[in-house]
> 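Once you've had a glance at the structure underneath, I'll fire off some questions.
This one's a predicted model, so the numbers in the text were calculated from it and none came from an experiment.
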Amino acid sequence: MNERVKHLTEEAAKLTPEERVELVERINLTLWDHQAEVNAAWEAEIERRVVQIDNGEAMLIDYEDVMREMRSKL
């Protein structure tokens, strides 16, 4: 870890939990320059899946059945 990151980490540790959450959220936003593109892609995917469900093209599985199957595999 370089000195600058080390210093910032030490300073961040002095913040309240709520302040650290806000800091992380703000830093995270700086990493997503293409957030609008990501959101548009997710919206298109959601719409595609809704159409598949509405047209009966998607196989839906009941939550309880999924959980039962997962537990049986553990």
> Are Glu11 and His7 packed together at the side-chain level, in the sense that at least one heavy-atom pair is separated by less than 4.5 angstrom?
yes
> So, Glu10 and Lys14, do they make that salt bridge, N to O below 4.0 Å?
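Lys14 and Glu10: not salt-bridged.
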> For the residue pair Val5 and Asn2, what are the closest heavy atoms and their distance?
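So the minimum-distance heavy-atom pair works out to N-OD1, 2.7 Å.
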> Classify the side-chain pair Ser72/Glu69 by whether it contains a donor and acceptor separated by less than 3.5 Å.
no
> Give a yes or no on this: more than 12 heavy atoms of other residues, nucleotides or ligands lie within 6.0 Å of atom CE of Met59.
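For Met59, atom CE is not crowded (no more than 12 foreign heavy atoms under 6.0 Å).
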> With rounding to the nearest 0.5 angstrom, report the CD to CD1 distance, Glu22 to Ile27.
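Going from the CD atom of Glu22 to the CD1 atom of Ile27 covers 11.0 Å.
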> Do Ile61 and Met70 sit in the same hydrophobic cluster, where Ile, Leu, Val, Met, Phe, Trp and Tyr count as joined when their side-chain heavy atoms come under 4.5 Å apart?
yes
> Measure the spacing between CG of Asp65 and CG of Leu60 and express it to the nearest 0.5 Å.
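Here the interatomic distance stands at 12.0 Å.
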> Distance check, rounded to the nearest 0.5 Å: Leu23 atom CG versus Glu18 atom CD?
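Between atom CG of Leu23 and atom CD of Glu18 there are 13.0 Å.
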> Check step by step if salt bridge (charged side-chain N to carboxylate O under 4.0 Å, His left out) holds for Glu64 and Arg68.
CA-CA 6 Å; Glu64 286 80 17; Arg68 189 178 309 105; over 6 Å; no
> Heavy atoms, side chains only, cut-off 4.5 Å: are Glu25 and Val21 in contact?
yes
> Dump the intermediate steps for side chain to side chain contact (heavy atoms under 4.5 Å, CB included) on Arg48 and Gln52, then the final yes or no.
CA-CA 6 Å; Arg48 184 185 71 79; Gln52 285 181 327; 3.1 Å; yes
> To check you understand the geometry: which heavy-atom pair defines the closest contact between Met1 and Lys6, and what is its length?
SD-CA, 3.4 Å
